[in-house]
Participant: 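To start, I am sharing the structure in question, which I have written as structure tokens.
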Amino acid sequence: MGTVCPVTGLFDDETPRTAPESADAGPTTGLGCDHVGGPLPGEAVASGCAEASASGCPCSGSGARAARRLAELAALRLIDAPAAAEEQLRRALVVGGGELGGRELAVLHTQLVTAVAAQPGRDRDVARAAATAAECWQPISEADSVHLTVVAGRAWHRLGRHAEAVAALDRPLLNADIGYPPPELAQVRAEFAESLIRLGRYRQAAWQFTEAARLLAGSSADRHRHADLVWSAAVTRECCGQEAEALSGYLLAADLWGDQDKIVPRAQCLRAAAWLQLRGEPNQVSGRWWVTIEALLAELDHRVTADPAAHLVEELDRTRGQYTQMCEQASGVGEQEEAPLYADPLVWWESH
């Protein structure tokens, strides 16, 4: 297909990523986009990608020539008229599907993903087109196949189709080096973790959040995101019963928020830590919870004295209320009268 190549840089968080390929590898897919509806025109030829690649067809018939010409026209329209480009690419797949080689078919399907992803509201179509393109690239370039599989998984995630998202992202994120820059890979892992949470797979979600946070550790440009991921990992660890790890995570996240002078999330993390310290083993008070909560009260009181802003006053009142609850629970008075705000960590996670 010669000069026909996918347009890049159209999407904020799914930029082209490909690993170095072998000397005999042809054009990379290099994009980050998405496609899905009922059977798509030309999509039937996708199943022939691998066969075409293996057969070594001459790819010189009239259908192949027409498909190349349509693809060249589509490449000129991808930025300013992606819907028109999509139509031309689907026509190219129809007229050239029986004659084009596997690599040319893979490039065509990749361009189709780019065209569809440039149109708002097409995540379902993006997911399907990306999965088809990934299948086409699989016998040719593992890196491009993995990338397009990730594109499909992220599209399913955006749609709220979390089972499909997990099915798509599971293999690339557990077994493959997808070659993304750390901030982008951290975002993909976080999205994977969110889908895992929706399926009740908290332990795996905690590991993904932890890995995402590790990728951003030490990055001055990603301090806020790093703290947020550490906090998310702590929440999911609490959900799956890893309370010691959750406690460490809450305290670390509180320190990270404090370093950024973000008192509201810092207070939330310290209160969650205090509740875990209080709860300890069943029917036992474990950990110096009063030290944690009283230090927070002193910090908030000092801040409110210096600046009685509404959000600081609210955090101080909330912390005082929970401190009273903790004291009552520790003494066995009114233990179950009112559930503390931390009671279901996912309530926080979903609102957050």
Side-chain angles (χ1 to χ4, degrees), residues 1-8 14 16-36 39-75 78 85-117 125-153 155 167-168 171-172 175-179:
M1 211 163 296
T3 61
V4 180
C5 59
V7 171
T8 64
E14 294 185 12
R17 302 292 170 216
T18 53
E21 296 191 68
S22 61
D24 63 341
T28 61
T29 61
L31 71 125
C33 10
D34 323 295
H35 176 115
V36 207
L40 303 170
E43 196 166 84
V45 302
S47 61
C49 288
E51 290 86 339
S53 178
S55 67
C57 69
C59 306
S60 59
S62 60
R65 291 193 296 272
R68 292 187 188 107
R69 179 56 183 158
L70 286 166
E72 289 167 357
L73 294 173
L78 276 171
E86 177 189 355
E87 182 180 356
Q88 289 168 324
L89 288 165
R90 294 197 186 285
R91 287 174 58 200
L93 286 167
V94 170
V95 301
E99 297 182 13
L100 292 173
R103 187 177 303 281
E104 287 186 297
L105 279 176
V107 171
L108 267 182
H109 278 285
T110 299
Q111 287 181 283
L112 180 61
V113 179
T114 306
V116 176
D125 292 330
V126 167
R128 291 184 177 175
T132 298
E135 181 183 347
C136 290
W137 279 106
Q138 206 284 322
I140 304 167
S141 167
E142 179 68 14
D144 289 321
S145 180
V146 166
H147 171 64
L148 284 156
T149 301
V150 171
V151 169
R171 184 182 65 85
N175 303 317
D177 178 8
I178 59 179

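We count residues from 1, following the sequence as given.
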Participant: Looking only at heavy atoms, which two atoms of Ala152 and Ala131 are closest? And how far apart?
Facilitator: CB-N, 4.0 Å

Participant: Residues in side-chain contact (heavy atoms from CB on, under 4.5 Å) with Ala134, at least two apart?
Facilitator: Ser145, Leu148, Thr149

Participant: Within this structure, what is the CG-OG1 distance for the pair Leu112 and Thr132, rounded to the nearest 0.5 Å?
Facilitator: 8.5 Å

Participant: Is any side-chain heavy atom of Arg103 closer than 4.5 Å to one of Trp137?
Facilitator: yes

Participant: Look up atom CD in Gln111 and atom CD in Glu72, then write down how far apart they are to the nearest 0.5 Å.
Facilitator: 9.5 Å

Participant: Looking only at non-hydrogen atoms, find the nearest pair between Val150 and Pro172 and report the distance.
Facilitator: CG2-CB, 3.8 Å

Participant: Any chance you could measure Leu78, atom CG, to Leu89, atom CG, to the nearest 0.5 Å?
Facilitator: 6.5 Å

Participant: Any chance you could measure Gln88, atom CD, to Arg69, atom CZ, to the nearest 0.5 Å?
Facilitator: 9.5 Å

Participant: Taking only residues two or more places apart in sequence or in another chain, which ones pass side-chain contact (heavy atoms from CB on, under 4.5 Å) with Ala92?
Facilitator: Ala67, Leu70, Leu108

Participant: When you compare the side chain of Glu135 with that of His109, does any pair of heavy atoms fall below 4.5 Å?
Facilitator: no

